[in-house]
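The next block holds one structure in the form of structure tokens; read it before the comments.
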Amino acid sequence: MTENPVRVRIAPSPSGYLHVGTARMAIANFLYARHTSGQFLIRIENTDAARSDDSLIEPIISALKWLGIESDEEIIFQSDRIELYKKHAQQILNDGKGYRCFCSPELLAADRAEAVANKGPLRYNRRCLNLSQEEIDKKIADGEKFAIRIQIPEGQTTFNDIVSSDLKRDNVEIEDFIIARSDGTATYNLAVVIDDNDMKISHVVRGNDHVTNTFKQIHIYNALGFTLPTFGHVPLILRPDKKKVSKRLGDKDVAQYKEEGILPEAMFNFLCLLRWSPKTDREIYNVEELIEIFNPNHFNNSNAIFNEEKLEAFNKEHIVLKSDHELATLVAPLLVDAGFTTKYWLETRWEYLRSVVSILKTRVRRISEFVALSKYFFEFDYTYDPQADEKNFTPEAVDLLNQFAERLEKLDTYSKETIEKALSEYALEKEIKKGKLIHPTRLAVSGIPNGPGLYDLLLVLGQEAVVERMKKAALYIQQK
RNA sequence: GACCCCAUCGUCUAGUGGCCUAGGACACUGCCCUUUCACGGCGGCGACACGGGUUCGACUCCCGUUGGGGUCGCCA
């Protein structure tokens, strides 16, 4: 690839957990950086002390880490840079590119209400733009609080966007927004520009919901004499009801998907292919492959709906792709949590777990499903499925079970082949169809009417357990 | 309401003027495989929002309409 290395970032604010929208942007930026051998950085945007909660930072970082995304450099915290922002706000004011606004929040709210009533644009009316020096001095002397607004010059603002085409806006549509609050602290837009500039961010790739901010931020870049980065505005991920994902509407934390048995590689792959396409018919890729084929020109420019069913399908594919050992590692703690077994027991019987996982993996869509499906591999006092019991545990099944169990018991070599041979021979001798034998046996050893192929099942459970379970079932039938 | 973005199957998408009676994936569904449930294989259902242009020819270009989304905080 011939593209120059990019320096990109993701800038979550700790006012909530990491939702799929932010995760998606992190993936896009991460891929862009890796693809061009550039750098991917993380910055925590916690300028608003009232809304930010530092205890939310760690979960966000670890959710990203779960996806395999980490910052290439030390994580930047905006809370460490408050004074720096203040200085720049002051500079804009001193340079005459901004002005003091004494309008109270209440007054501003009233302005907005009036604008709504008159069906006009909700923009600041520049009431404080032309205050005379005397008026300003008097208000300050009277102890009136003021915020600092940047003054948007006349004209038009345009920029190139690597996702959409060129974007243009008349400056009258951009209001003189506040860059410093009345307590002197910087607002989001100012802080972002200063940080992106200091961090030498070359490409700002973010959600579509930021285009209005970009138009505003360009004027800060200009006022401060900074050079503009390249922008890219990716369409949003919408909920099935077509609303922007938000925690308020109950959208899940990325970490929650982990709890629900989604593999990080599936989430990564799925999210990557939302609003971005490899332009091929293939859709299952690992991270290395995505890094290789990533191309910022392949973004779609329309919103996409997050469909959990499809995520599950991706998950299924990635589960099959994983080795039995890796899956066993993921499943083991769940089995312990479920109380099926202990950590120690599993550690000493790792091969057993591996084979259990191996014969179950094509019937599972989420890692968590392994638990329900594998109960009988670890617990012996399962009950028999009532319907299957009635159908398969008939009086004649007693002899079948006992006699077949004896044959299995006598097997010197207990393998899939010998098991199958034993069953075929016995069925032939009894002149019955194999099914007559298979169904009761399955029910006897697992308690349920479905599951892995019987020969696999008998092999994995082991000779001893199988014989014991079959005899126990025979006894059960006699007593019922 | 103002401003901006967008518009192919229910959903994710391919498609950059003729290869399209529109391809793939998920979901749904039929058949096959099979001891069961899955996996897998082969089919089916199912979309170019609408109306005007431009053109020999439009899913592809232009305009409008409609629809959807976003932003409009001393939040980020």
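In the text below, chain A, chain B and the rest are named by the order of the sequence lines, each starting its count at 1.
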> Would you say B:A27 has OP1 or OP2 under 4.0 Å from some side-chain N or O of A:Arg365?
Replying inline: yes
### Query
When you compare B:C59 with B:U71, how far apart are their P atoms, in angstrom units rounded to a whole number?
34 Å
note: A:Leu273, atom CG; B:C26, atom P; distance rounded to Å ~ 13 Å
Practice problem: Classify the nucleic acid contact of A:Leu167 as base, sugar-phosphate or nothing, counting any heavy atom under 4.0 Å across all strands shown. | Solution: sugar-phosphate
Taken to the nearest whole Å, CG/A:Leu238 to C1'/B:G70 is 9 Å
From the list A:Glu175, A:Glu173, A:Glu114, salt bridge (Lys or Arg N to Asp or Glu O under 4.0 Å) partner of A:Arg123 resolves to A:Glu173
A:Ile174 CD1 to B:U71 P, in whole Å, measures 17 Å
To the nearest angstrom, the CG-C1' distance between A:Asn269 and B:C12 comes to 12 Å
Judged by nearest nucleotide, the residue sitting upstream toward the 5' end of RNA chain B, A:Thr185 or A:Glu173, is A:Glu173
When rounded to whole Å, the NE2 to P distance for the pair A:His233 and B:U71 reads 12 Å
Please say whether more than 12 non-hydrogen atoms of neighbouring residues, nucleotides or ligands are located less than 6.0 Å from NZ in A:Lys279. yes
Per the O4'-C1'-N9-C4 / O4'-C1'-N1-C2 angle with a 90° window around 0, B:C56 comes out anti
* What distance, rounded to whole Å, do you find between the two C1' atoms, one in B:C20 and one in B:A76? -> 46 Å
Plane angle bin for A:Phe231 and A:Tyr221 - parallel if under 30°, tilted between 30 and 60°, otherwise perpendicular
perpendicular
Which of B:C3, B:U13, B:G69 is nearest the side chain of A:Lys243? It is B:G69
(request) Name the orientation class of the two ring planes belonging to A:Tyr382 and A:Tyr384 (parallel below 30°, tilted from 30 to 60°, perpendicular beyond 60°). (result) perpendicular
Review point. Between B:C50 and B:A7, how far is it from one P atom to the other, in whole Å?
Key: 15 Å
Taking B:A76, B:A2, B:C74 as options, the one with an atom nearest any side-chain atom of A:Pro105 is B:C74
When both distances are under 3.5 Å in a Watson-Crick or G-U wobble arrangement, the nucleotide paired with B:G1 is B:C72
Q.
Quick check against the 3.5 Å criterion: does A:Asn269 have a side-chain atom that pairs as donor or acceptor with the backbone of A:Glu283?
A. yes
For B:G30, the nucleotide meeting Watson-Crick or G-U wobble distances (both under 3.5 Å) is B:C42
Looking only at B:C74, B:A25, B:C72, the nucleotide nearest the A:Leu122 side chain is B:C72
Closest of B:G24, B:C74, B:G69 to the A:Arg112 side chain is B:C74
Winner on side-chain proximity to A:Lys279, out of B:C74, B:A14, B:A76, is B:A14
OH of A:Tyr426 to NZ of A:Lys434, rounded to nearest 0.5 Å, is 15.0 Å
From the candidates B:C5, B:G24, B:C74, the one with an atom nearest any side-chain atom of A:Asn208 is B:C5
Of A:Ala180 and A:Val211, the one whose nearest nucleotide on RNA chain B sits closer to the 5' end is A:Val211
note: A:Arg282, atom CZ; B:C26, atom P; distance rounded to Å ~ 15 Å
### Message
Measuring only the C1' atom in each nucleotide, how far is B:C26 from B:C45? A whole number of Å is fine.
### Response
14 Å
When both distances are under 3.5 Å in a Watson-Crick or G-U wobble arrangement, the nucleotide paired with B:C56 is B:G18
May I ask you to decide if A:Phe77's main-chain N or O and A:Asn46's side chain share a donor-acceptor pair within less than 3.5 Å?
-> no
Of B:G70, B:G73, B:C12, the nucleotide closest to the side chain of A:Leu274 is B:C12
Restricting to nitrogen or oxygen on both sides, can you table the protein-nucleotides 28-38 of chain B pairs closer than 3.5 Å?
unit_1 : atom_1 : unit_2   : atom_2 : d
B:U35  : O2'    : A:His439 : NE2    : 2.7
B:U35  : O2     : A:Arg442 : NH2    : 3.4
B:U35  : N3     : A:Leu454 : N      : 3.4
B:U35  : O4     : A:Leu454 : N      : 3.1
B:U36  : O2'    : A:Pro449 : O      : 3.2
B:U36  : O2     : A:Gly451 : N      : 2.7
B:U36  : O2     : A:Gly451 : O      : 3.2
B:U36  : N3     : A:Arg442 : NH2    : 2.9
B:U36  : N3     : A:Gly451 : O      : 2.7
B:U36  : O4     : A:Gly453 : N      : 3.2
B:C37  : O2     : A:Arg363 : NH1    : 2.2
B:C37  : O2     : A:Gly451 : O      : 3.3
B:C37  : N3     : A:Arg363 : NH1    : 2.5
B:C37  : N3     : A:Gly451 : O      : 3.4
B:A38  : O2'    : A:Thr362 : O      : 2.5

Scanning all shown strands, the Watson-Crick or wobble mate of B:C50 with both distances under 3.5 Å is B:G64
message: If you count every heavy atom of other residues, nucleotides or ligands that lies below 6.0 Å from A:Glu390 atom CD, does the total exceed 12?
response: no
Q. Could a donor-acceptor pair under 3.5 angstrom be found where the side chain of A:Lys119 meets the base of B:A2?
A. no
Between B:C4 and B:G44, how far apart are the two C1' atoms, rounded to whole Å?
42 Å
Is the phosphate of B:G24 approached by A:Thr280 (side-chain N or O, under 4.0 Å from OP1 or OP2)? no
In whole angstroms, the gap separating P of B:U13 from CG of A:Leu311 amounts to 14 Å
Do A:Ser182 and B:C74 share a donor-acceptor pair, side chain to base, under 3.5 Å?
-> yes
Whole-Å distance, A:Ile305 CD1 to B:C6 P, equals 17 Å
Task: Interatomic distance at P, B:G17 relative to B:C61, whole Å - done: 8 Å
### Message
When the C1' atoms of B:G43 and B:C33 are compared, how many Å lie between them, rounded to an integer?
### Response
15 Å
P atoms of B:G41 and B:C9, separation to the nearest Å: 26 Å
task = Compute whether any side-chain donor of one residue and acceptor of the other, for A:Asp170 and A:Gln156, lie under 3.5 angstrom apart.
result = yes
Quiz item: Strictly by modelled atom types, are A:Asn189 and A:Gln217 linked by a side-chain donor-acceptor pair under 3.5 Å?
Solution: yes
Under 4.0 Å, heavy atoms only, any strand: does A:Cys101 hit a base, just the sugar-phosphate, or nothing?
nothing
Testing B:G40, B:U71, B:C74 for proximity to the side chain of A:Leu108, the answer is B:C74
Winner on side-chain proximity to A:Ser277, out of B:A14, B:C12, B:A76, is B:A14
Closest to the side chain of A:Ile178, out of B:G24, B:C74, B:G69, is B:C74
One should read off an interatomic distance between A:Asn160 CG and A:Leu228 CG, to the nearest 0.5 angstrom, of 10.0 Å
* To do: Respond yes when some side-chain nitrogen or oxygen of A:Asn300 is under 4.0 Å from OP1 or OP2 of B:U13, and no when none is.
  => yes
